[in-house]
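Right, one structure below, let's go through it.
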Amino acid sequence: MSNIVMTAAAGGNLRGEIQIPGDKSISHRAVMLGSLAEGITEIRGFLQGEDPVATLQAFRAMGVRIDGPEEGCLVVHGVGLHGLKQPPQPLYLGNSGTSMRLLSGLLAAQPFDTVLTGDDSLSGRPMRRITEPLSAMGARIGTSEAGTPPLSIEGGRRLEGIDYPMPVASAQVKSCLLLAGLYAEGRTCVVEPDPSRDHTERMLQGFGYVVERDNNTVCLQGGGTLKAAPVEVPGDISSAAFFMVGAAISEASDVLLQNVGVNPTRTGIITILRQMGADIALENEREAGAEPVADIRVRGSRLQGIAIPEHLVPLAIDEFPALFVAAACAEGETVLTGARELRVKESDRIQVMADGLTKLGIEALPTEDGIVIQGGQMTGGAVDSRGDHRIAMAFAMAGLRSSSPVLVHDCANVKTSFPDFIESAWRLGMTIKETAW
Ligand code: S3P
């Protein structure tokens, strides 16, 4: 694969309005539940990024007819919970941890065997967090010795519901177990140490499935059915995050990010940036299907370093690369703790961000479960995203406050979540280009 390099000019600001592309988490779930439902599900606003497309291809390979995507519209001809067919070959899921972890739950309950594979990054990510509780339900799943993909999932197993206290807050683990729970005998309950994104629960309910929540415990009873329902996918706050930070760090910026999902289990970035002194307003707040949506206005302001409250970590889990760039532009010190999970995302986001910020002249000290960043003047220079889409886009924003251009290497995976990132940045007035080396 060629090295895609993004080069962001030094300085500037962001002004104007853009539509934010569809939410990645909700796009995955819409294809999954639409495929398992009875009837035809129309999805609008589907993210045509490589990750959700990997999920879509997996269901096509299991015999589900899916028309589109055409301008974000998909028509999924549901086959019901028991209508999937054995795929002719291993399912390749690219860079997508969500595809692999969620699919494992429902494939563990199918009558046929499956093998799940991924790219180098996904092949190094921990899967015991799902294989252990799934085994406790009666599943049989093989991994590498290190507990990483490929996953070999044995079919024909009878699953039983469990009560599972999750050791770390993870929507992927929770969703995996709830999907397995649809097929299990009895009740499946997952207890979260802190709230994580709840799109699976909301969408299951939208498809007519009863999901009970009591404080931090979410339960469902196996053996029901899913009824097709239209899904409107809101814009992804995790994609909006780059421009929220870009606008917040640059003087005279004023952007309106339209139609963004503001589910309270996703808005940690807004809370954290506001605590740092950012000027963020939610306009035109409304509901889109099962999810709250708003237009987000962000104006440039002076940011202060803060100690990020640990309970906000799962609510902003994908936004830390962008938030670290905000911290580099803030006055004083920003301290993050309780975020060990960042080390096992698409890259080790603590180390890779610390390396890049250091290259840009910022004092960034990685710790076991977080980072300490001293705000300062970024110099510009070359950084490596290590193939991590969110790190690539976060460093592109750093150009706005650097004294010379920022070159970001290894950016091909921006296509997994935000294929039109460069065009969106142009529309907001950024001077940024993409080249293949
Ligand atoms: C996701 C959950 C999060 C997040 C990932 C998408 C999801 O992972 O980092 O990008 O769609 O459920 P964890 O739940 O494992 O933290």
Side-chain angles (χ1 to χ4, degrees), residues 21-33 46-47 49-52 54-55 93-106 118 121-122 124-133 147-149 164 166-179 190-204 216 218 231 233-234 236-242 261 263 265-269 291 310-323 338-350 369 388-391 393-394 413-414 416-418:
D23 187 278
K24 183 154 77 72
S25 292
I26 297 174
S27 295
H28 283 296
R29 287 156 172 82
V31 170
M32 291 180 190
L33 298 195
F46 177 76
L47 172 67
E50 287 174 357
D51 279 12
T55 292
L93 302 170
N95 196 242
S96 179
T98 306
S99 307
M100 189 169 284
R101 296 210 178 104
L102 271 58
L103 273 173
S104 300
L106 64 96
S121 157
L122 184 53
R125 294 184 68 185
M127 293 296 152
R128 286 201 183 111
R129 54 183 60 203
I130 53 160
T131 58
E132 283 174 0
T148 54
Y164 186 65
M166 273 194 298
V168 283
S170 165
Q172 292 185 346
V173 174
K174 172 177 63 176
S175 303
C176 165
L177 299 180
L178 292 177
L179 292 173
V190 184
V191 187
E192 308 190 82
D194 276 306
S196 66
R197 66 191 68 190
D198 64 358
H199 306 302
T200 304
E201 297 92 301
R202 286 174 186 250
M203 203 181 288
L204 281 169
N216 278 3
V218 46
V231 180
V233 182
D236 197 330
I237 192 166
S238 298
S239 296
F242 305 105
N263 178 318
T265 60
R266 297 287 297 281
T267 48
I269 172 128
E291 298 279 345
E310 286 193 9
H311 74 273
L312 294 177
V313 169
L315 310 183
I317 192 68
D318 291 335
E319 285 65 77
F320 285 102
L323 284 167
R340 200 186 309 262
E341 276 296 292
L342 294 182
R343 291 199 178 273
V344 290
K345 293 294 179 187
E346 286 83 329
S347 71
D348 176 345
R349 287 184 172 161
I350 291 175
D369 69 340
D388 186 322
H389 56 135
R390 299 205 191 281
I391 290 185
M393 291 183 273
N413 282 335
V414 167
T416 61
S417 67
F418 201 158

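Just follow the structure's listing: the first ligand is 1, and inside any ligand the first atom is 1.
Residue Lys345 places at least one N or O, backbone or side chain, under 3.5 Å from an N or O of ligand 1. By the 3.5 Å distance cut-off applied to N or O atoms, Ala171 is counted among the residues near ligand 1. Annotation: Ser25 places an N or O atom under 3.5 Å from an N or O atom of ligand 1; distance criterion only.
Below 4.0 Å from some heavy atom of Asp318 lie the following atoms of ligand 1, by number and element: 4 (C), 5 (C), 9 (O), 10 (O). Residue-ligand proximity, Ile317 to ligand 1, at heavy-atom distances under 4.0 Å covers atoms 9 (O).
With a 4.0 Å heavy-atom cut-off, ligand 1 is reached by no atom of His28.
Of the candidates Pro126, Ser170, Ser175, Ser170 brings a heavy atom nearest to atom 15 (O) of ligand 1.
No donor-acceptor pair under 3.5 Å is formed between the side chain of Asn263 and the backbone N or O of Glu291. Under a 3.5 Å cut-off, the side chain of Lys24 and the backbone N or O of Asp236 do not form any donor-acceptor pair.
Between the side chains of Ser25 and His199, no donor N or O sits under 3.5 Å from an acceptor N or O.
Taking 4.5 Å as the limit, some side-chain heavy atom of Val168 sits within range of a side-chain heavy atom of Glu341. Side-chain atoms of Thr98 and Thr55, non-hydrogen and from C-beta on, never get closer than 4.5 Å to each other. Between Ile130 and Gln172, every side-chain heavy-atom pair lies at or beyond the 4.5 Å cut-off.
Closest to atom 6 (C) of ligand 1 among all protein heavy atoms lies Thr98 OG1, 3.4 Å. With respect to atom 12 (O) of ligand 1, the closest heavy atom belonging to the protein is Arg29 NH2, 2.6 Å. Ranking protein heavy atoms by distance to atom 2 (C) of ligand 1, first place goes to Gln172 CG, 3.5 Å.
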Pair Arg343-Asp348, salt bridge (charged side-chain N to carboxylate O under 4.0 Å, His left out): steps then yes or no: CA-CA 4 Å; Arg343 291 199 178 273; Asp348 176 345; 2.9 Å; yes
